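For reference, the structure discussed in these notes is given below.
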Amino acid sequence: MTRTPLIAGNWKMNLTYIEAQALLEDLVENLKEAGHKADAVEVAVLPPFVDIRTVQTVLDGSGSGIAFGGQDISEHESGAYTGEVSGTMLKALGATYAAVGHSERRQYHGETEQVTNAKVKAALANELSPILCVGEPLEERKAGKHVEYTLAQVEGGLEGLSAEEVKKVVIAYEPVWAIGTGEVATSEDAQEVCHEIRDLLATKFGDEVADAVRVLYGGSVKSSSIVDLMQQADVDGALVGGASLKADEFAKIATYNVAA
Ligand SMILES: O=C[C@H](O)COP(=O)(O)O
């Protein structure tokens, strides 16, 4: 099984819909100039909810093959949940992905393992691929417990899913200490944990599932670090924050495989 690499840009709480349109138009152009082949490396963006309609309009008919998704999804299907956005709403816009359990959601919005698991299920129920984010804070890494901590999050996020459902999930390993800090985990650090995640998937869901699931690395990824990361056997792409806000830099990351 050959996994198609995925380079996903998480815009976080940045860009008005007008800025989003300009960035995306630049990105489409930069990817074209850099020789991006959508069937070799998949590119996706995760805009703020209010930008998604604009993103859909720019991408529709652009021929870029860029996918998009939500940075979050409600665990509920519909109803009196003020401020929430449902899987049905995202799907209706043509979204492919929904990020779930990002460390910023866990940290600033108190999202528990149970909520994360319910959101993974809500995404799958709406034919969206969840990007399940996991990763340890600095204390856990210092204590040498980073693998244990991260695998517990993977198990929690996938609780109650069938093997067929797990195949549709993308897992993003994002050590919290490397997010937005400029501190990139070494490619060996990324490989160690991504490999353990794949091992866990094999044990729990079988080799076919472990072979199919894409495991990304996230945390201060830049064009200068992507090539080494992508050379690791179990790293299938990147979840990019800050660097996805610059069209030329993000296009460079997404075309790491194109000879200069
Ligand atoms: O979702 C993306 C990650 O939080 C990484 O963000 P960063 O590339 O700004 O460190």
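These figures come from a predicted structure and were not determined experimentally. Note that ligands are numbered from 1 as they come in the structure, with each ligand's atoms numbered from 1 the same way. Residue numbers run from 1 in the order of the sequence given.
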Could you identify the single nearest non-hydrogen protein atom to atom 9 (O) of ligand 1 and state the distance to 0.1 Å?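 Atom 9 (O) of ligand 1 sits closest to the protein heavy atom G242 N, 2.8 Å.
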Could you identify the single nearest non-hydrogen protein atom to atom 8 (O) of ligand 1 and state the distance to 0.1 Å?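 Of the protein heavy atoms, G241 N, 2.9 Å lies nearest.
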My understanding is that only one of E192, E140, E196 makes a side chain to side chain donor-acceptor pair (under 3.5 Å) with H146; could you say which? E192
Any side-chain heavy-atom pair of [X] and [Y] under 4.5 Å:
| X | Y | value |
| --- | --- | --- |
| S103 | I179 | yes |
| V170 | L132 | no |
| M13 | P48 | no |
| H36 | V258 | no |

Show the atoms of ligand 1 that are less than 4.0 angstrom away from any heavy atom in [X].
| X | result |
| --- | --- |
| G219 | 5 (C), 10 (O) |
| G180 | 7 (P), 9 (O), 10 (O) |
| E174 | 1 (O), 2 (C), 3 (C), 4 (O), 5 (C) |
| N10 | 1 (O), 2 (C) |
| A178 | 10 (O) |
| S220 | 7 (P), 8 (O), 10 (O) |

Is the shortest distance from a Lys or Arg side-chain nitrogen in K142 or E139 to a carboxylate oxygen in the other one below 4.0 Å?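 E139 and K142: not salt-bridged.
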Residues E111 and K119 bridged, charged N to O under 4.0 Å: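 Salt bridge flag = yes for K119 with E111.
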Between ligand 1 and [X], is the shortest N or O to N or O distance under 3.5 Å?
| X | result |
| --- | --- |
| E104 | no |
| T181 | no |
| I179 | no |

For ligand 1, is any non-hydrogen atom under 4.0 Å from A172's backbone (N, CA, C, O), its side chain (CB onward), both, or neither?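 Neither part.
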Matching residue for S64 among L27, L31, L59 - test: side-chain contact (heavy atoms from CB on, under 4.5 Å): L59
